[in-house]
Amino acid sequence: MSQEKILGEYTFLVSETDEKGIIRFANDAFCEMAEYSFEELIGQPHNIVRHKDMPKKAFKSLWDTVQKGETWTGYVKNATKSGGHYWVFATVYPFESCDGTKGYMSCRRKASKEEIDEYEALYKIWLEEERR
């Protein structure tokens with residue numbers, strides 16, 4: 001069983017990607033939780049932190065929503081570099097950077113134990129459906 005990391009009550013993870021999901025910015029808190037340096041994350045696809053327990057259906061919902069220009073919110077289990085994991089409540093929205101390029105901003109906070117339990121059960125069902 002992988003080691004779970006718990007976000008602090010006031011920890012706020014922020015990352016910015018281009019329109020293809022390539023990381024252009026990661027704040028220190030995100031780097032620390034994911035166990036990657038800033039330099040290791042920049043230029044990588046954001047799914048570098050995707051955990052194997054996350055169903056495709058969840059990310060399809062995210063991409064379908066943000067590509068329509070809307071804000072997506074949801075619960076995500078992310079993987080750490082060392083093989084651990086952490087849960088977040090994420091808000092992802094499309095935006096235009098100061099240099100005029102378009103991309104996505106992702107802001108994440110701590111998910112409660114109750115929220116994690118609910119979504120862990122739901123995602124387990126979705127994963128079982130995907131495997132059929």
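Numbering starts at 1 and runs along the sequence shown.
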Could you check E70 against Y93 for side chain to side chain contact (heavy atoms under 4.5 Å, CB included), going step by step and ending with a plain yes or no?
CA-CA 6 Å; E70 299 172 1; Y93 60 92; over 6 Å; no

Is there a side-chain contact between [X] and [Y], using heavy atoms and a 4.5 Å cut-off?
X	Y	answer
T71	T65	no
V14	M105	yes
N78	V88	yes

Taking NZ, NE, NH1 and NH2 as the nitrogens, is one of them in [X] or [Y] under 4.0 Å from a carboxylate oxygen of the other?
X	Y	result
K102	E96	yes
K113	D117	yes
E130	K56	no

Let me see the working for K57 and E129 under side chain to side chain contact (heavy atoms under 4.5 Å, CB included), right down to the final yes or no.
CA-CA 10 Å; K57 188 175 183 177; E129 290 173 355; 4.2 Å; yes

Rounded at 0.5 Å granularity, tell me how far [atom1] in [X] sits from [atom2] in [Y].
X	Y	atom1	atom2	value
L7	R109	CG	CZ	10.0 Å
C107	N27	SG	CG	9.0 Å
S37	K81	OG	NZ	6.5 Å
F38	I23	CZ	CD1	10.0 Å
K110	I6	NZ	CD1	6.5 Å
K5	Y86	NZ	OH	8.0 Å

Can you name the ring pair (Phe, Tyr, Trp, His ring centres under 6.0 Å) partners of Y36, sequence neighbours left out?
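Not a single residue meets the ring pair (Phe, Tyr, Trp, His ring centres under 6.0 Å) criterion with Y36.
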
Between Q67 and D64 (side chain of the first, backbone of the second, donor and acceptor by atom type, cut-off under 3.5 Å), is there such a pair?
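No; judged by distance alone, with no hydrogens or angles, the pair does not exist.
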
Treating S112 as the side-chain partner and E115 as the backbone partner, does any N or O pair qualify as donor plus acceptor under 3.5 Å?
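Indeed, once roles are kept as given, a pair shorter than 3.5 Å links the two residues.
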
Worked check of side chain to side chain donor-acceptor pair (under 3.5 Å) between S82 and E35:
CA-CA 7 Å; S82 68; E35 301 174 352; 2.6 Å; yes

Of all heavy-atom pairs between [X] and [Y], which one has the smallest distance, and what is that distance?
X	Y	answer
C31	A26	SG-CB, 4.0 Å
A90	V76	CB-CG2, 4.3 Å
R24	G103	NH2-CA, 3.8 Å

Please work out whether the ring planes of Y123 and Y119 are parallel, tilted or perpendicular, with thresholds of 30° and 60°.
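Answer is perpendicular, since the angle exceeds 60°.
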
Linking I/L/V/M/F/W/Y whenever any side-chain heavy atoms sit under 4.5 Å apart, do [X] and [Y] land together?
X	Y	value
I116	L127	no
F95	L62	yes
F12	M33	yes

Applying side chain to side chain donor-acceptor pair (under 3.5 Å) to S61 and W72, what does each step give before you reach the verdict?
CA-CA 8 Å; S61 166; W72 180 87; 3.1 Å; yes

Indicate every side-chain donor-acceptor pair of residues 41-54 with a distance under 3.5 Å to a residue at least two apart or in another chain.
{"unit_1": "H46", "atom_1": "NE2", "unit_2": "S15", "atom_2": "OG", "d": "2.8"}
{"unit_1": "H51", "atom_1": "ND1", "unit_2": "D53", "atom_2": "N", "d": "2.9"}
{"unit_1": "D53", "atom_1": "OD2", "unit_2": "K77", "atom_2": "NZ", "d": "2.6"}

Please check if the distance between the ring centroids of Y104 and W63 is under 6.0 Å.
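Between Y104 and W63, the centre distance is under 6.0 Å.
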
Lys/Arg cation over aromatic F30: R108, 6.0 Å, 45° cone:
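Pair R108/F30 counts as cation-pi.
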
